Asker: 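The structure that follows is given in the form of structure tokens.
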4 protein chains.
Amino acid sequence: MPTSKVHRIPAAAPDDVSGIEAAIAAGRIDPGGVVAILGKTEGNGCVNDFSRGFGTLALTLLFQRYLSKAQAERICLVMSGGTEGGMAPHWTIFERAETNAANGPALAIGHAHTAPLPPEQIGRFDQVEAVAHGVAAAMADAAIDDPRNVHFVQVKCPLLTAQRIEEAQRRGGTVATHDTLKSMALSRAASALGVAGALGEIDRGSLRDSDIGTHLGLWSGRASCSAGIELLGHEIVVFGMSPAWSGPLVIDHAVMADAIDVEPVRAALGRVGIAAAGQLTAPQRDRLVAVLAKAESSHSGLLRGHRHTMLDDSDISATRHARAFVCGALAGLIGHAEIYVSGGAEHQGPDGGGPVAIIVDRSAI
Amino acid sequence: MPTSKVHRIPAAAPDDVSGIEAAIAAGRIDPGGVVAILGKTEGNGCVNDFSRGFGTLALTLLFQRYLSKAQAERICLVMSGGTEGGMAPHWTIFERAETNAANGPALAIGHAHTAPLPPEQIGRFDQVEAVAHGVAAAMADAAIDDPRNVHFVQVKCPLLTAQRIEEAQRRGGTVATHDTLKSMALSRAASALGVAGALGEIDRGSLRDSDIGTHLGLWSGRASCSAGIELLGHEIVVFGMSPAWSGPLVIDHAVMADAIDVEPVRAALGRVGIAAAGQLTAPQRDRLVAVLAKAESSHSGLLRGHRHTMLDDSDISATRHARAFVCGALAGLIGHAEIYVSGGAEHQGPDGGGPVAIIVDRSAI
Amino acid sequence: MPTSKVHRIPAAAPDDVSGIEAAIAAGRIDPGGVVAILGKTEGNGCVNDFSRGFGTLALTLLFQRYLSKAQAERICLVMSGGTEGGMAPHWTIFERAETNAANGPALAIGHAHTAPLPPEQIGRFDQVEAVAHGVAAAMADAAIDDPRNVHFVQVKCPLLTAQRIEEAQRRGGTVATHDTLKSMALSRAASALGVAGALGEIDRGSLRDSDIGTHLGLWSGRASCSAGIELLGHEIVVFGMSPAWSGPLVIDHAVMADAIDVEPVRAALGRVGIAAAGQLTAPQRDRLVAVLAKAESSHSGLLRGHRHTMLDDSDISATRHARAFVCGALAGLIGHAEIYVSGGAEHQGPDGGGPVAIIVDRSAI
Amino acid sequence: MPTSKVHRIPAAAPDDVSGIEAAIAAGRIDPGGVVAILGKTEGNGCVNDFSRGFGTLALTLLFQRYLSKAQAERICLVMSGGTEGGMAPHWTIFERAETNAANGPALAIGHAHTAPLPPEQIGRFDQVEAVAHGVAAAMADAAIDDPRNVHFVQVKCPLLTAQRIEEAQRRGGTVATHDTLKSMALSRAASALGVAGALGEIDRGSLRDSDIGTHLGLWSGRASCSAGIELLGHEIVVFGMSPAWSGPLVIDHAVMADAIDVEPVRAALGRVGIAAAGQLTAPQRDRLVAVLAKAESSHSGLLRGHRHTMLDDSDISATRHARAFVCGALAGLIGHAEIYVSGGAEHQGPDGGGPVAIIVDRSAI
């Protein structure tokens, strides 16, 4: 029976894969079983964040030492830039293995790639469709039939650069925006709506281009989208519970209604056996394998009725403010900051809030 | 008998004092009784943060409409720049009034100013001495005899600019640093050690210039220091409990051991009648009049064993990262982000942590 | 006969008006004759640049000491934020006086204000119209009949903030953009097209909302627009040559085709009697009273065929990059950097270039 | 006889080496002859600039396809981060070949590596010595006997990170500074003094640690130093004129006395056959193979008597301001911005100025 393994490994730099290499050498990780790697790299998480491409290259070179080029390329590498505040740069490696145990349902992982998207389609309905089909393919890969058992969908999507905009215009095409930073938001937005559509959270049929990035009442409680300058298509990984999978790991999720709404996360922790009044205890922290969250600044400019300045700060991107702040709120609950907080949560949870997935090792309970 | 009043009022901009004006018009604030105003203004909180001077000017103009120039100048205006993450720009007005009630001890407030400090003395032992004497004067003003009853000491201190360094050099003087941003840290450091000395937390006698900003084992659990380009001396406000004061307000404090150590704050809230397992409830929040905290990134580059990147980010000052992150951790506990988190906690709490003061209205309990 | 005086005075901080005060005390400036002040203040020049409002308040307080509130309010205060690179923060004071000399034509100055613009109209055709009418009024005020004799039109225009967007939406209105930084660009764009229309550089009739900020083939060679958070209407000042004015000062202008196209500026200097092969000599610099320029990064992402990264840098706004760079190019020609380079030149000169006005004292020739 | 070839090739991203690859494929570059590559990569040029390491990795992978690992490692890769303003990211490839021509003296290139430097020695006299010996070795490699014939010395030096500081402290060592950004300045400073010593521009014997980064009267008119997080030792390349070399290329240099002192550069261009009154003409630009310059903000806070704000801007590093500004000044003279302007010129030219080297193809004259 398939079983999943999740490894959280620190990175001393965007290209520091020595911890993964050591785990492989020690036999803790089987390179051939690695399905996906989520990296939090320490760039600015915006347009000119080269830490993502640097990390991607370092990981690719590492796995090409153990696998054929084709096998290595099948690994989904999702680099989310930006480790603001106390957030720790780290890798989360998702591995698929076989087990004789039959204690399912357990954490199941599936993935899919989509074809390169022309710059003209970024942030538009064509992108929503492309992602929705990719999510369906990834669910099938994970042997998850019921969308209700999907707890997290990570999508890595492309963005517009000055050069790609030029390229589109040279052939007479139009783009959704000429603001490259804005293009990251639109790409994340379209991708999230693709996930919401695939999971039945919204009605894809009634969507229009103009809803993308604006009609924030439409959202997915399980989508996590990151835009990166280093890819042209999408990399999609679905995480959920499947009876076809076994093993000690379970996953659940919560939706934060705003940037400091940590109580739903506390409740989700309780559901998977980690009940805590205050901050998690050290033993509880040890059982919490991974926390995957989205952060964003509310477009209302308000947080619980008080003004925030994230949208009006021209020195620091709002996405950087939000990652630092939400990571602080979650770290105050969890007790450490080696958590995956990804910026830009357009249509990923309600405006200003976001989905949070937790992966726990029940064997230790 | 003296009694204290504390008003928390939002600011729509660094010069927006309309909320204070309205409170005066409504009779909720007596301009003549105002002792100090702590402002969180939305600049970068670093050298070229003009939102502090702008706020100071707006407040000065406001109070000069109600008071004589001399009276208006006696109000301590402490502008702390930087409202990163979801932190809400706001004013906290501290007022001294008279009451017939005799239910002391209660929150007591005292203040003092020090003479302008030559650039040559910033960040050096002379500054430690100047601040220590100012704290003693402010304690006397608050009728607090026992240093153990002091729960928070706010010090506004000067910094070095390129011009002030030139000025010192022109007369043959030397300065502690040529790095203007660094000078803010050294000035806060010397001021904090002055507070620690006055409160008996360290032995001032054995201090040397070289300890300032480096010997982080020396710290105050109650000092809060902010550097500002708009002043040359120090403005010092002492907050504590005094039997000579009455009224509904009480103050206590906690020391965070690191940037996410919120449990001591939870404990302090419990001591003053606000016990909460998770996030405070709305009614509890209403009774919490003010939260005053310091934030900083640990010099070890680590948070609970995991690496943080705040010290290595040349695009965003470490103080900005830390304010956003610590404000998130505290807001996750408190339930809103209209809290006063001030950056740069050198010698203010242990390295990477900081003091947190809470002011509560016991009458509502 | 009317005559103009132009004073360039350094500022040690956004609120440092001491140099102006000294000039008034020495009788060099008559407060009653001051028509406009252009300030280069040292903020970020973007949305949260409070140095502009701070400077405006300091100047207002200064002039209210010499003039009635109504008279003081008639002075156009145009604060352009952002002194990147070596640009020197300074004030340029434009004064109108009387003279017996009759050596016109000479530098003429006229000004006008427009009514507050609702957030819904910012960046749209309504704004173009409002500005065009304002320019006509300012030309009449300067006694300039022929648009060809207008060499520089400074427009200070409003921008959108998160709060103003909310305000518009609350009453069911729509705004041109939800990106506050972008709104500054759109407001400058609409204002520049208003100037171009008033000067006959474009055909206003055929303009559509969709041209604003996008159809960059439409531009004015004499418009200079700055957006500021501190105003809701427009402040417009027209500079040109008028036979009705006398005195030693003359003005001319050049249009830079790109960010390093300094030769047209060199040619303009030659036309007004300052011919220089290389950098201006010290005596030539002394006769050059003021340089007023616009800077922006080309939307093509290219400068003379080579890629620039200004549009893709998410840590530094493109407007900040462009001001530093263009100021360097002009300072290399002029020989100092106390020049007025304003960012964001949408429709102000060709894409990537911008207008440059020079004011020279011919009496010294 | 040895001859040098210099290729200037644009980079579309920090890891875009496709232009070099194409030149190799076309036979224009012989991988085996490449001695050094200077790259201007588009990071922030400060501590967390990963574009440099990314570029280094991409170049290494490229050359390992043509050369043995040992040969590839002998190529000096000097990545200078930061392409502010209109500066174009690009590679300058320096190649050594053989020729039958005997028209020396001509451009000669020599290089050397130094051993890894412990963090404790960064910014101290030990580093000065290490670099001085490296320069002597590189001169010998270039067959340049007389230091007067050396026109440019590029040194890539290490910096301190939070982790390296920790490492030094763990073994009881001390470091020159705890400020990581500051450490880049100190490392550049010590390296520049090493060059000055090797070229006889200063008396190395009388140097003390305390002079490094402070005694700015000591400087080299030919040193160019860049600090990078990706190396621990030094990479040194010497450029000069040697009778032992032949070919069409010649090199000369100028020293800018301040950030806008372009006239000495104009004079140097004249000396090598490119005399221009204003901006270079297109044909002249074609003959100008490379411009290598240093930029920095003056520590006085002044530029020709006017205040600049580069040192007081806590949002943008002074090195970023200076690169944008000086690149603008040079581009105004040269006519394009694909020039190598490296930030941080401590002891590299006088305070606020810097060396500029020009490489010209005399065959086209």
Side-chain angles (χ1 to χ4, degrees), chain A residues 10-13 41-44 82-90 258-263 265-267 276-279 282 285 295 297-298 302-310 312-313 315-317 320-339 352, chain B residues 10-13 41-44 82-90 258-263 265-267 276-279 282 285 295 297-298 302-310 312-313 315-317 320-339 352:
Chain A
T41 63
E42 56 203 284
N44 60 26
T83 57
E84 292 79 8
M87 204 187 310
H90 69 285
D258 60 33
I260 59 176
D261 186 29
V262 297
E263 293 309 303
V265 181
R266 191 188 302 276
Q279 194 174 75
R285 271 199 287 281
S297 48
S298 65
L302 297 174
L303 173 60
R304 301 202 181 172
H306 299 294
R307 180 172 72 104
H308 67 72
T309 62
M310 298 187 271
D312 286 343
D313 189 339
D315 295 311
I316 300 179
S317 158
R320 303 201 73 179
H321 275 293
R323 276 189 298 267
F325 186 64
V326 173
C327 183
L330 289 169
L333 166 59
I334 303 304
H336 70 70
E338 194 175 75
I339 53 189
Chain B
T41 63
E42 57 204 285
N44 61 24
T83 58
E84 293 79 7
M87 204 188 310
H90 67 286
D258 60 32
I260 58 176
D261 185 28
V262 296
E263 292 309 302
V265 182
R266 191 188 302 276
Q279 195 173 75
R285 270 199 289 281
S297 48
S298 66
L302 297 174
L303 173 60
R304 299 200 183 173
H306 300 294
R307 182 172 71 103
H308 67 71
T309 62
M310 298 187 271
D312 286 344
D313 189 338
D315 295 310
I316 300 179
S317 158
R320 304 202 72 180
H321 276 292
R323 276 189 297 266
F325 185 65
V326 172
C327 183
L330 288 169
L333 165 60
I334 303 303
H336 71 69
E338 194 174 76
I339 53 189

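Since the structure is predicted, the reported quantities are computational estimates derived from the model, not experimental observations.
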Asker: So for A/A282, is it side chain, backbone, both, or neither that comes closer than 4.5 Å to the heavy atoms of chain B?
Answerer: neither

Asker: Checking A/A329 now: which residues fulfil side chain to side chain contact (heavy atoms under 4.5 Å, CB included) with it, not counting sequence neighbours?
Answerer: A/V262

Asker: How many angstroms lie between atom CD of B/Q279 and atom CD of A/E263, to the nearest 0.5 angstrom?
Answerer: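 Here the rounded value is 5.5 Å.
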
Asker: Looking only at heavy atoms and a cut-off of under 4.5 Å, which of B/R323, B/R304, B/M87, B/H308 has the most pairs with chain A?
Answerer: B/R304

Asker: Counting heavy-atom pairs under 4.5 Å with chain A, which one of B/G332, B/G352, B/A277 comes out on top?
Answerer: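 Most heavy-atom pairs under 4.5 Å with chain A: B/A277.
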
Asker: Do the non-hydrogen side-chain atoms of B/R320 and A/D315 ever get within less than 4.5 Å of each other?
Answerer: yes

Asker: Under 4.5 Å heavy-atom distance to chain B, tell me which part of A/E42 shows up: side chain, backbone, both or neither.
Answerer: side chain

Asker: I'd like to know if the side chain of B/T309 reaches the main chain of A/T83, judged simply by a donor and an acceptor atom lying under 3.5 Å from each other, with no hydrogens or angles considered.
Answerer: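 The answer is yes, because a donor-acceptor pair under 3.5 Å joins these two groups.
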
Asker: Please classify the contact of A/A11 with chain B as side chain, backbone, both or neither, using a heavy-atom distance under 4.5 Å.
Answerer: backbone

Asker: A/D313 versus chain B, heavy atoms under 4.5 Å apart: side chain, backbone, both or neither?
Answerer: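 For A/D313, side-chain heavy atoms alone lie under 4.5 Å from chain B.
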
Asker: Below 4.5 Å from any heavy atom of chain B, which atoms of A/L303 appear? Answer side chain, backbone, both or neither.
Answerer: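 For A/L303, the contact with chain B is made by the side chain alone.
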
Asker: Which atom names give the shortest non-hydrogen contact between A/F325 and B/A337, and what distance separates them?
Answerer: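 Closest approach of A/F325 to B/A337, heavy atoms only: CZ-CB, 3.9 Å.
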
Asker: Tell me, side chain or backbone of A/A331 under 4.5 Å from chain B's heavy atoms, or both, or neither?
Answerer: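 Both the backbone and the side chain of A/A331 come within 4.5 Å of chain B.
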
Asker: Any chance you could measure A/E84, atom CD, to B/M310, atom CE, to the nearest 0.5 Å?
Answerer: 11.0 Å

Asker: For the candidates B/A259, B/A322, B/P10, B/G335, which exhibits the highest count of non-hydrogen atom pairs separated by less than 4.5 Å from chain A?
Answerer: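 Looking at each of B/A259, B/A322, B/P10, B/G335 in turn, B/G335 comes out on top.
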
Asker: When you compare the side chain of B/P89 with that of A/R307, does any pair of heavy atoms fall below 4.5 Å?
Answerer: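 A/R307 vs B/P89: side chains touch.
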
Asker: Under 4.5 Å heavy-atom distance to chain B, tell me which part of A/S297 shows up: side chain, backbone, both or neither.
Answerer: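 It is neither, since no heavy atom gets under 4.5 Å.
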
Asker: Could you work out, with ring-ring contact (aromatic ring centres under 6.0 Å, His included) as the rule, every residue matching A/H90, not counting sequence neighbours?
Answerer: none

